[in-house]
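A short write-up of the structure that comes next.
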Amino acid sequence: MQGRQRDAGAGFVEYAGLMIIIAGIFTLIDGIGLDGMISTAIRTAVTDVIGP
């Protein structure tokens with residue numbers, strides 16, 4: 001295969017790979033328990049900017 005046909009399914013494979021990596025990151029964050037710390041940090045930063 002040459003030209004464009006050679007990369008016909010590449011977009012889907014790359015998209016699927018990216019989704020797997022993102023799902024892995026979210027699973028890791030949830031498994032370690034960082035979700036509470038992240039939400040607290042975001043809440044604190046927003047409160048510092050807009051006030052209580």
Report task. Answer yes if I29 and I20 sit in the same cluster of Ile, Leu, Val, Met, Phe, Trp and Tyr residues linked by side chain heavy atoms under 4.5 Å apart, and no otherwise. Result -> no
Query raised in the report: About how many Å separate OG1 of T27 and CD1 of I32, when rounded to the nearest 0.5 Å?
Result: 11.0 Å
Report task. Give me the other members of the hydrophobic cluster that L18 sits in, counting Ile, Leu, Val, Met, Phe, Trp and Tyr linked by side-chain heavy atoms under 4.5 Å, directly or via other members. Result -> Y15, M19, I22, F26
